[in-house]
Amino acid sequence: MRKWQCTICGYIYDEQLGQPDHGIPPGTAWEDVPEDFSCPDCGVSKEDFEMIEAS
Amino acid sequence: MPKHGVVIIGTGLAGYTTAKEFRKNDPETPLTLITDSDGAFYSKPMLSNAYGTNKLPTQLATQNAEQMADTLKAKVLTHRHVMEIDLNDSVVLTQSGDNILFDRLVLAIGASPIVPPLEGNALERIHQVNSLADYARFRGDLAEPRKVAIIGAGLIGCEFANDLRRGGHEVSVFGPDALPLSNLLPAQAASELKTELGGIGVDWQLGSAVKTVNLNDEQFELILANGQSHQADVMLSAIGLRANLQLAKQAGLSTARGIVTDRFLQTSSPNVYALGDCAEVEGLFLPFVLPIMSAARALGKTLAGEKTSVQYPAMPVVIKTPAYPLVVSSPPAGAEGNWQIEETGTGLRCLLKNGLGQLVGFALTQDCVKERQALVKELPPLLNT
Ligand SMILES: Cc1cc2nc3c(=O)[nH]c(=O)nc-3n(C[C@H](O)[C@H](O)[C@H](O)COP(=O)(O)OP(=O)(O)OC[C@H]3O[C@@H](n4cnc5c(N)ncnc54)[C@H](O)[C@@H]3O)c2cc1C
Ligand SMILES: [Zn+2]
(Lines give C-alpha, C1' and ligand atoms only; values in the text may rest on other atoms or scores of the structure.)
(Ligands and ions follow the chains in the order given, each with its own letter.)
Protein backbone atom coordinates (compact mmCIF):
# COMPACT_ATOMS: atom_id res chain seq x y z
CA MET A 1 0.00 0.00 0.00
CA ARG A 2 1.30 3.43 -0.93
CA LYS A 3 0.77 7.01 0.16
CA TRP A 4 0.16 10.03 -2.00
CA GLN A 5 0.67 13.58 -0.88
CA CYS A 6 -1.02 16.74 -2.05
CA THR A 7 1.76 19.02 -3.29
CA ILE A 8 -0.21 22.09 -2.31
CA CYS A 9 -1.38 21.52 1.25
CA GLY A 10 0.42 18.40 2.44
CA TYR A 11 -2.68 16.23 2.89
CA ILE A 12 -1.80 12.54 2.61
CA TYR A 13 -3.95 9.96 0.87
CA ASP A 14 -3.11 6.61 2.39
CA GLU A 15 -4.32 3.73 0.24
CA GLN A 16 -4.70 1.60 3.33
CA LEU A 17 -7.13 4.08 4.92
CA GLY A 18 -8.91 5.29 1.80
CA GLN A 19 -11.15 8.29 2.31
CA PRO A 20 -14.46 6.85 3.54
CA ASP A 21 -15.96 10.33 4.03
CA HIS A 22 -15.66 10.82 0.29
CA GLY A 23 -16.91 7.37 -0.60
CA ILE A 24 -13.49 5.81 -1.12
CA PRO A 25 -13.24 2.59 0.90
CA PRO A 26 -10.08 1.58 2.77
CA GLY A 27 -7.64 -0.29 0.54
CA THR A 28 -8.45 1.67 -2.62
CA ALA A 29 -5.36 1.93 -4.83
CA TRP A 30 -4.58 5.42 -6.13
CA GLU A 31 -5.29 4.29 -9.71
CA ASP A 32 -8.81 3.37 -8.65
CA VAL A 33 -9.53 6.67 -6.93
CA PRO A 34 -12.00 8.48 -9.22
CA GLU A 35 -10.53 11.07 -11.57
CA ASP A 36 -12.79 13.76 -10.11
CA PHE A 37 -11.31 13.20 -6.65
CA SER A 38 -10.14 16.43 -5.09
CA CYS A 39 -7.94 17.03 -2.08
CA PRO A 40 -10.15 16.99 1.05
CA ASP A 41 -8.10 19.83 2.54
CA CYS A 42 -7.36 22.26 -0.25
CA GLY A 43 -9.51 20.97 -3.10
CA VAL A 44 -6.89 20.61 -5.85
CA SER A 45 -7.34 17.75 -8.28
CA LYS A 46 -5.86 14.26 -8.39
CA GLU A 47 -3.04 15.26 -10.73
CA ASP A 48 -1.61 17.59 -8.07
CA PHE A 49 -0.70 14.60 -5.89
CA GLU A 50 2.67 12.90 -5.78
CA MET A 51 3.60 9.51 -4.44
CA ILE A 52 5.65 9.65 -1.27
CA GLU A 53 7.89 7.05 0.33
CA ALA A 54 5.91 4.47 2.19
CA SER A 55 6.79 4.67 5.85
CA MET B 1 7.72 30.18 -35.83
CA PRO B 2 8.13 32.02 -32.53
CA LYS B 3 11.71 32.85 -31.60
CA HIS B 4 11.55 34.28 -28.12
CA GLY B 5 8.79 32.04 -26.89
CA VAL B 6 6.82 32.48 -23.70
CA VAL B 7 8.00 34.63 -20.82
CA ILE B 8 6.33 34.32 -17.42
CA ILE B 9 6.94 36.92 -14.72
CA GLY B 10 6.51 35.33 -11.30
CA THR B 11 7.35 31.90 -9.89
CA GLY B 12 4.55 31.54 -7.36
CA LEU B 13 1.84 28.93 -7.74
CA ALA B 14 0.43 30.82 -10.73
CA GLY B 15 3.70 31.15 -12.64
CA TYR B 16 4.99 27.64 -12.04
CA THR B 17 1.63 25.92 -12.57
CA THR B 18 1.17 27.76 -15.86
CA ALA B 19 4.66 26.67 -16.94
CA LYS B 20 3.87 23.08 -16.01
CA GLU B 21 0.57 23.09 -17.89
CA PHE B 22 2.18 24.76 -20.91
CA ARG B 23 4.86 22.07 -21.05
CA LYS B 24 2.23 19.34 -21.06
CA ASN B 25 0.95 20.81 -24.31
CA ASP B 26 4.15 22.20 -25.81
CA PRO B 27 7.47 20.60 -24.93
CA GLU B 28 9.50 22.67 -27.41
CA THR B 29 8.85 26.40 -27.46
CA PRO B 30 11.39 28.39 -25.41
CA LEU B 31 10.08 29.20 -21.94
CA THR B 32 11.57 31.72 -19.52
CA LEU B 33 10.44 32.51 -15.99
CA ILE B 34 11.59 35.65 -14.21
CA THR B 35 11.30 36.26 -10.48
CA ASP B 36 12.66 38.67 -7.92
CA SER B 37 12.72 35.80 -5.40
CA ASP B 38 15.09 32.81 -5.25
CA GLY B 39 12.65 30.87 -7.45
CA ALA B 40 12.21 27.96 -5.04
CA PHE B 41 8.91 26.16 -5.39
CA TYR B 42 6.87 26.11 -2.22
CA SER B 43 3.23 25.87 -1.39
CA LYS B 44 2.08 29.16 0.09
CA PRO B 45 -0.95 27.73 1.95
CA MET B 46 1.46 25.66 4.02
CA LEU B 47 2.93 28.82 5.55
CA SER B 48 -0.05 29.09 7.86
CA ASN B 49 -0.01 25.49 9.03
CA ALA B 50 3.70 24.79 9.20
CA TYR B 51 3.68 24.13 12.96
CA GLY B 52 0.68 21.85 12.52
CA THR B 53 2.47 19.88 9.83
CA ASN B 54 5.81 20.00 11.67
CA LYS B 55 7.66 21.87 8.97
CA LEU B 56 10.50 24.34 9.19
CA PRO B 57 10.61 27.12 6.59
CA THR B 58 13.51 25.36 4.83
CA GLN B 59 11.45 22.19 4.49
CA LEU B 60 8.63 24.05 2.78
CA ALA B 61 10.67 24.69 -0.35
CA THR B 62 10.32 21.41 -2.19
CA GLN B 63 12.39 22.27 -5.28
CA ASN B 64 14.91 25.00 -5.98
CA ALA B 65 15.01 27.13 -9.12
CA GLU B 66 17.50 24.86 -10.89
CA GLN B 67 15.41 21.77 -10.29
CA MET B 68 12.33 23.61 -11.51
CA ALA B 69 14.18 24.81 -14.62
CA ASP B 70 15.21 21.25 -15.27
CA THR B 71 11.76 19.69 -14.96
CA LEU B 72 10.14 22.48 -16.95
CA LYS B 73 12.82 22.63 -19.60
CA ALA B 74 12.80 26.36 -19.02
CA LYS B 75 15.13 29.16 -18.04
CA VAL B 76 14.41 30.43 -14.54
CA LEU B 77 15.96 33.83 -13.92
CA THR B 78 16.04 34.51 -10.19
CA HIS B 79 16.65 37.67 -8.16
CA ARG B 80 15.58 39.82 -11.11
CA HIS B 81 13.11 42.53 -10.33
CA VAL B 82 11.10 43.50 -13.40
CA MET B 83 10.93 47.27 -13.65
CA GLU B 84 9.15 47.79 -16.90
CA ILE B 85 7.31 46.07 -19.71
CA ASP B 86 7.61 47.60 -23.15
CA LEU B 87 4.70 46.37 -25.22
CA ASN B 88 5.80 48.06 -28.45
CA ASP B 89 9.08 46.21 -28.54
CA SER B 90 7.79 43.13 -26.64
CA VAL B 91 10.54 43.32 -24.07
CA VAL B 92 10.76 43.02 -20.31
CA LEU B 93 13.34 45.17 -18.51
CA THR B 94 14.81 44.17 -15.17
CA GLN B 95 16.48 46.25 -12.51
CA SER B 96 19.76 44.47 -13.09
CA GLY B 97 19.73 45.56 -16.73
CA ASP B 98 18.46 42.49 -18.62
CA ASN B 99 16.28 42.99 -21.68
CA ILE B 100 14.18 39.88 -22.17
CA LEU B 101 12.26 39.61 -25.42
CA PHE B 102 8.98 37.72 -25.62
CA ASP B 103 6.44 36.54 -28.14
CA ARG B 104 3.87 36.01 -25.43
CA LEU B 105 4.01 37.28 -21.87
CA VAL B 106 2.29 36.00 -18.74
CA LEU B 107 1.92 38.19 -15.66
CA ALA B 108 1.82 36.03 -12.53
CA ILE B 109 3.15 38.68 -10.19
CA GLY B 110 0.85 38.11 -7.24
CA ALA B 111 -0.39 40.55 -4.65
CA SER B 112 1.14 42.43 -1.74
CA PRO B 113 -0.06 42.66 1.84
CA ILE B 114 -1.89 45.87 2.65
CA VAL B 115 0.23 48.00 4.96
CA PRO B 116 -1.78 48.69 8.10
CA PRO B 117 -2.63 52.35 8.67
CA LEU B 118 -0.86 52.71 12.00
CA GLU B 119 0.72 55.51 13.89
CA GLY B 120 3.87 55.05 15.95
CA ASN B 121 7.46 54.04 15.33
CA ALA B 122 7.06 50.28 14.81
CA LEU B 123 5.65 49.84 11.32
CA GLU B 124 8.90 48.52 9.86
CA ARG B 125 9.12 45.82 12.48
CA ILE B 126 5.64 44.41 11.99
CA HIS B 127 5.73 41.17 10.00
CA GLN B 128 3.58 40.50 6.98
CA VAL B 129 3.69 37.02 5.54
CA ASN B 130 3.10 36.56 1.83
CA SER B 131 6.13 34.55 0.76
CA LEU B 132 8.43 31.86 2.05
CA ALA B 133 11.12 34.49 2.63
CA ASP B 134 8.70 36.58 4.74
CA TYR B 135 7.79 33.46 6.69
CA ALA B 136 11.42 32.52 7.33
CA ARG B 137 11.98 35.99 8.83
CA PHE B 138 8.84 35.67 10.93
CA ARG B 139 9.89 32.24 12.23
CA GLY B 140 13.30 33.71 12.98
CA ASP B 141 11.60 35.88 15.62
CA LEU B 142 9.76 32.87 17.02
CA ALA B 143 12.69 30.67 17.99
CA GLU B 144 11.45 30.59 21.57
CA PRO B 145 7.90 30.97 22.93
CA ARG B 146 6.81 34.56 22.37
CA LYS B 147 3.81 36.76 22.92
CA VAL B 148 2.49 37.43 19.44
CA ALA B 149 -0.03 40.08 18.44
CA ILE B 150 -1.86 39.49 15.17
CA ILE B 151 -3.67 42.38 13.52
CA GLY B 152 -6.55 41.10 11.40
CA ALA B 153 -9.13 38.43 12.19
CA GLY B 154 -9.63 37.28 8.60
CA LEU B 155 -8.67 33.99 7.05
CA ILE B 156 -4.91 34.35 7.37
CA GLY B 157 -5.06 35.93 10.83
CA CYS B 158 -7.21 33.07 12.15
CA GLU B 159 -5.05 30.39 10.53
CA PHE B 160 -1.86 31.83 12.01
CA ALA B 161 -3.55 32.24 15.40
CA ASN B 162 -4.37 28.53 15.45
CA ASP B 163 -0.98 27.47 14.12
CA LEU B 164 1.09 29.68 16.43
CA ARG B 165 -0.81 28.27 19.41
CA ARG B 166 0.20 24.82 18.20
CA GLY B 167 3.74 26.13 18.10
CA GLY B 168 3.45 27.08 21.77
CA HIS B 169 3.25 30.86 21.45
CA GLU B 170 0.90 33.22 23.24
CA VAL B 171 -1.44 34.73 20.67
CA SER B 172 -3.74 37.76 20.73
CA VAL B 173 -5.81 38.75 17.71
CA PHE B 174 -6.86 42.34 17.11
CA GLY B 175 -9.44 43.75 14.72
CA PRO B 176 -12.28 46.24 14.51
CA ASP B 177 -15.09 43.74 13.85
CA ALA B 178 -16.75 41.96 16.75
CA LEU B 179 -16.27 38.48 15.24
CA PRO B 180 -13.54 36.72 13.27
CA LEU B 181 -14.08 35.98 9.56
CA SER B 182 -17.18 38.14 9.68
CA ASN B 183 -17.14 38.72 5.92
CA LEU B 184 -17.28 35.00 5.13
CA LEU B 185 -19.31 33.37 7.89
CA PRO B 186 -22.76 33.77 9.37
CA ALA B 187 -22.55 35.16 12.90
CA GLN B 188 -23.31 31.84 14.62
CA ALA B 189 -20.40 30.06 12.93
CA ALA B 190 -18.08 33.03 13.47
CA SER B 191 -18.98 33.08 17.10
CA GLU B 192 -18.31 29.35 17.50
CA LEU B 193 -14.95 29.80 15.76
CA LYS B 194 -14.16 32.52 18.27
CA THR B 195 -15.11 30.26 21.17
CA GLU B 196 -13.18 27.23 19.92
CA LEU B 197 -10.01 29.16 19.16
CA GLY B 198 -10.47 30.81 22.54
CA GLY B 199 -10.57 27.27 23.92
CA ILE B 200 -7.04 26.55 22.70
CA GLY B 201 -5.88 29.81 24.25
CA VAL B 202 -6.25 32.44 21.52
CA ASP B 203 -6.89 35.78 23.20
CA TRP B 204 -9.37 37.85 21.17
CA GLN B 205 -9.16 41.62 21.31
CA LEU B 206 -11.90 42.47 18.85
CA GLY B 207 -14.23 45.40 18.35
CA SER B 208 -11.69 48.19 18.40
CA ALA B 209 -9.08 49.01 15.75
CA VAL B 210 -5.39 49.22 16.57
CA LYS B 211 -4.41 52.88 16.18
CA THR B 212 -0.81 53.13 17.25
CA VAL B 213 2.07 50.71 17.70
CA ASN B 214 5.31 51.71 19.36
CA LEU B 215 8.44 49.71 19.89
CA ASN B 216 10.52 50.39 22.99
CA ASP B 217 13.26 48.05 24.24
CA GLU B 218 12.10 45.31 21.84
CA GLN B 219 8.59 45.43 23.31
CA PHE B 220 5.65 46.43 21.20
CA GLU B 221 2.94 48.56 22.73
CA LEU B 222 -0.38 48.54 20.88
CA ILE B 223 -2.88 51.31 21.53
CA LEU B 224 -6.44 50.70 20.43
CA ALA B 225 -9.07 53.21 19.32
CA ASN B 226 -10.88 52.60 22.62
CA GLY B 227 -7.79 53.68 24.54
CA GLN B 228 -6.73 50.22 25.75
CA SER B 229 -3.09 49.30 25.57
CA HIS B 230 -1.48 45.86 25.04
CA GLN B 231 2.05 44.47 24.93
CA ALA B 232 3.65 41.99 22.52
CA ASP B 233 7.08 40.58 21.61
CA VAL B 234 6.33 39.91 17.95
CA MET B 235 3.72 41.36 15.62
CA LEU B 236 2.06 40.10 12.48
CA SER B 237 -0.28 42.11 10.30
CA ALA B 238 -2.73 40.17 8.13
CA ILE B 239 -5.35 42.65 7.00
CA GLY B 240 -5.58 41.63 3.37
CA LEU B 241 -3.83 41.72 0.03
CA ARG B 242 -3.87 44.04 -2.92
CA ALA B 243 -2.98 42.90 -6.44
CA ASN B 244 0.37 44.14 -7.77
CA LEU B 245 -0.74 46.53 -10.50
CA GLN B 246 2.19 48.86 -10.97
CA LEU B 247 3.86 47.00 -13.84
CA ALA B 248 0.59 46.61 -15.69
CA LYS B 249 -0.36 50.24 -15.20
CA GLN B 250 3.01 51.42 -16.40
CA ALA B 251 2.65 49.23 -19.50
CA GLY B 252 -0.77 50.74 -20.16
CA LEU B 253 -2.81 47.58 -19.46
CA SER B 254 -6.31 47.91 -18.01
CA THR B 255 -6.53 47.34 -14.29
CA ALA B 256 -9.30 47.29 -11.70
CA ARG B 257 -8.94 45.30 -8.46
CA GLY B 258 -6.54 43.17 -10.48
CA ILE B 259 -5.03 43.24 -13.95
CA VAL B 260 -8.15 42.98 -16.09
CA THR B 261 -8.48 39.89 -18.27
CA ASP B 262 -11.18 38.23 -20.31
CA ARG B 263 -12.15 34.58 -19.88
CA PHE B 264 -9.11 33.57 -21.91
CA LEU B 265 -6.91 35.33 -19.34
CA GLN B 266 -5.90 37.81 -22.00
CA THR B 267 -5.24 41.34 -20.79
CA SER B 268 -6.11 44.42 -22.80
CA SER B 269 -3.04 43.65 -24.93
CA PRO B 270 -3.36 40.62 -27.24
CA ASN B 271 -0.15 38.73 -26.40
CA VAL B 272 -0.14 39.47 -22.70
CA TYR B 273 -1.95 37.27 -20.17
CA ALA B 274 -2.45 37.44 -16.41
CA LEU B 275 -3.59 35.03 -13.70
CA GLY B 276 -3.36 34.38 -9.98
CA ASP B 277 -3.41 36.95 -7.20
CA CYS B 278 -2.58 39.78 -9.61
CA ALA B 279 -5.49 39.18 -11.98
CA GLU B 280 -9.16 39.98 -12.21
CA VAL B 281 -10.74 37.46 -14.55
CA GLU B 282 -14.09 38.55 -16.02
CA GLY B 283 -14.62 40.78 -13.00
CA LEU B 284 -13.67 38.09 -10.47
CA PHE B 285 -10.76 38.71 -8.10
CA LEU B 286 -10.16 35.34 -6.41
CA PRO B 287 -6.80 35.14 -4.65
CA PHE B 288 -6.91 31.40 -3.90
CA VAL B 289 -5.28 28.18 -5.03
CA LEU B 290 -8.18 26.55 -6.86
CA PRO B 291 -8.87 29.44 -9.26
CA ILE B 292 -5.14 29.45 -10.06
CA MET B 293 -5.21 25.74 -10.90
CA SER B 294 -8.21 26.18 -13.22
CA ALA B 295 -6.72 29.27 -14.83
CA ALA B 296 -3.30 27.68 -15.34
CA ARG B 297 -4.84 24.64 -16.99
CA ALA B 298 -6.65 26.82 -19.51
CA LEU B 299 -3.72 29.14 -20.11
CA GLY B 300 -1.31 26.24 -20.61
CA LYS B 301 -3.44 25.21 -23.59
CA THR B 302 -3.96 28.72 -24.93
CA LEU B 303 -0.24 29.43 -24.90
CA ALA B 304 0.31 26.20 -26.82
CA GLY B 305 -2.05 27.40 -29.52
CA GLU B 306 -5.35 25.87 -28.44
CA LYS B 307 -7.38 28.87 -27.27
CA THR B 308 -9.17 27.74 -24.10
CA SER B 309 -11.39 29.71 -21.74
CA VAL B 310 -11.32 29.41 -17.96
CA GLN B 311 -14.05 27.50 -16.20
CA TYR B 312 -14.57 28.22 -12.56
CA PRO B 313 -16.75 25.72 -10.77
CA ALA B 314 -17.79 26.60 -7.23
CA MET B 315 -14.51 26.61 -5.33
CA PRO B 316 -14.80 26.09 -1.58
CA VAL B 317 -11.92 27.29 0.58
CA VAL B 318 -10.84 25.14 3.50
CA ILE B 319 -9.88 27.35 6.41
CA LYS B 320 -6.94 25.80 8.23
CA THR B 321 -8.15 26.17 11.79
CA PRO B 322 -7.93 22.59 13.10
CA ALA B 323 -9.42 23.69 16.43
CA TYR B 324 -12.60 24.42 14.50
CA PRO B 325 -12.58 22.85 11.01
CA LEU B 326 -14.27 25.09 8.48
CA VAL B 327 -14.97 25.14 4.79
CA VAL B 328 -16.63 28.03 3.01
CA SER B 329 -17.95 28.42 -0.50
CA SER B 330 -18.75 32.02 -1.32
CA PRO B 331 -21.65 32.77 -3.68
CA PRO B 332 -21.09 33.89 -7.28
CA ALA B 333 -20.79 37.65 -7.78
CA GLY B 334 -24.16 39.33 -7.38
CA ALA B 335 -25.96 36.30 -5.94
CA GLU B 336 -27.96 37.25 -2.87
CA GLY B 337 -29.06 34.78 -0.29
CA ASN B 338 -30.17 34.08 3.23
CA TRP B 339 -28.37 31.79 5.62
CA GLN B 340 -30.23 28.72 6.79
CA ILE B 341 -28.38 27.24 9.70
CA GLU B 342 -28.78 23.69 10.92
CA GLU B 343 -27.12 22.46 14.07
CA THR B 344 -26.32 18.79 13.60
CA GLY B 345 -24.92 18.27 17.06
CA THR B 346 -21.43 17.74 15.65
CA GLY B 347 -21.16 20.93 13.61
CA LEU B 348 -23.05 23.59 11.73
CA ARG B 349 -24.43 23.22 8.25
CA CYS B 350 -24.95 26.80 7.02
CA LEU B 351 -26.58 26.96 3.63
CA LEU B 352 -26.88 30.19 1.70
CA LYS B 353 -30.05 30.05 -0.40
CA ASN B 354 -31.38 32.54 -2.91
CA GLY B 355 -34.98 33.69 -3.32
CA LEU B 356 -35.81 30.59 -5.36
CA GLY B 357 -34.50 28.30 -2.64
CA GLN B 358 -31.41 27.35 -4.65
CA LEU B 359 -28.12 26.77 -2.91
CA VAL B 360 -25.63 29.54 -3.79
CA GLY B 361 -23.02 29.11 -1.07
CA PHE B 362 -22.25 27.35 2.19
CA ALA B 363 -20.22 27.31 5.35
CA LEU B 364 -19.66 23.95 7.01
CA THR B 365 -18.06 23.51 10.40
CA GLN B 366 -16.54 20.67 12.40
CA ASP B 367 -17.91 17.26 11.31
CA CYS B 368 -20.10 18.87 8.64
CA VAL B 369 -16.99 19.69 6.56
CA LYS B 370 -17.35 16.12 5.26
CA GLU B 371 -20.44 17.20 3.32
CA ARG B 372 -18.45 19.58 1.16
CA GLN B 373 -17.97 17.22 -1.75
CA ALA B 374 -21.66 16.39 -1.99
CA LEU B 375 -22.87 19.98 -1.57
CA VAL B 376 -20.45 21.48 -4.04
CA LYS B 377 -22.19 19.56 -6.80
CA GLU B 378 -25.37 21.54 -6.11
CA LEU B 379 -23.65 24.90 -6.39
CA PRO B 380 -23.74 27.04 -9.52
CA PRO B 381 -20.37 27.58 -11.26
CA LEU B 382 -18.66 30.93 -10.71
CA LEU B 383 -17.70 31.24 -14.35
CA ASN B 384 -18.99 29.14 -17.18
CA THR B 385 -18.21 29.08 -20.88
C1 LIG C 1 -0.42 32.44 4.69
C2 LIG C 1 -1.29 32.15 3.49
C3 LIG C 1 -2.12 31.03 3.50
C4 LIG C 1 -2.93 30.76 2.41
N5 LIG C 1 -3.74 29.66 2.47
C6 LIG C 1 -4.54 29.37 1.41
C7 LIG C 1 -5.38 28.22 1.43
O8 LIG C 1 -5.40 27.47 2.40
N9 LIG C 1 -6.14 27.96 0.35
C10 LIG C 1 -6.13 28.77 -0.74
O11 LIG C 1 -6.84 28.49 -1.71
N12 LIG C 1 -5.35 29.88 -0.79
C13 LIG C 1 -4.56 30.20 0.25
N14 LIG C 1 -3.76 31.31 0.20
C15 LIG C 1 -3.72 32.10 -1.04
C16 LIG C 1 -2.79 31.44 -2.07
O17 LIG C 1 -1.63 31.00 -1.44
C18 LIG C 1 -2.45 32.45 -3.18
O19 LIG C 1 -3.64 32.72 -3.87
C20 LIG C 1 -1.41 31.95 -4.18
O21 LIG C 1 -0.30 31.37 -3.56
C22 LIG C 1 -0.97 33.11 -5.07
O23 LIG C 1 -0.06 32.67 -6.04
P24 LIG C 1 0.48 33.67 -7.16
O25 LIG C 1 1.46 32.87 -7.95
O26 LIG C 1 -0.64 34.34 -7.87
O27 LIG C 1 1.24 34.84 -6.38
P28 LIG C 1 2.60 34.84 -5.54
O29 LIG C 1 2.80 33.58 -4.86
O30 LIG C 1 2.58 36.10 -4.75
O31 LIG C 1 3.73 34.93 -6.65
C32 LIG C 1 4.11 36.14 -7.24
C33 LIG C 1 5.47 35.94 -7.89
O34 LIG C 1 5.79 37.10 -8.65
C35 LIG C 1 7.10 37.56 -8.34
N36 LIG C 1 7.10 38.98 -8.63
C37 LIG C 1 6.18 39.93 -8.28
N38 LIG C 1 6.52 41.13 -8.77
C39 LIG C 1 7.65 40.95 -9.48
C40 LIG C 1 8.50 41.82 -10.25
N41 LIG C 1 8.21 43.10 -10.41
N42 LIG C 1 9.60 41.29 -10.82
C43 LIG C 1 9.90 39.96 -10.69
N44 LIG C 1 9.14 39.11 -10.00
C45 LIG C 1 8.03 39.59 -9.40
C46 LIG C 1 7.28 37.14 -6.89
O47 LIG C 1 8.63 37.04 -6.56
C48 LIG C 1 6.61 35.76 -6.91
O49 LIG C 1 7.49 34.79 -7.45
C50 LIG C 1 -2.94 31.63 1.29
C51 LIG C 1 -2.12 32.75 1.30
C52 LIG C 1 -1.30 33.02 2.37
C53 LIG C 1 -0.42 34.25 2.36
ZN1 LIG D 1 -4.37 19.64 -0.69
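Within every chain, numbering begins at 1; the chains are lettered A, B, ... in the order of the sequence lines, protein sequences first and strands thereafter. Heavy-atom basis, side chains included; hydrogens, waters and symmetry copies ignored.
- The two residues B:V289 and A:V44 have their closest heavy-atom pair at CG1-CG1, 3.6 Å.
- Here the side chains of A:I8 and B:M293 are in contact, with some heavy-atom distance below 4.5 Å.
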Are there donor-acceptor atom pairs under 3.5 Å between chain A and chain B, and if so which?
| residue | atom | partner | partner atom | Å |
| --- | --- | --- | --- | --- |
| A:I8 | O | B:S43 | OG | 2.0 |
| A:S38 | OG | B:Q373 | NE2 | 3.4 |
| A:C39 | O | B:R372 | NH2 | 3.1 |
| A:P40 | O | B:R372 | NH1 | 3.3 |
| A:S45 | OG | B:R297 | NH2 | 3.1 |
| A:E47 | OE1 | B:K24 | NZ | 2.5 |

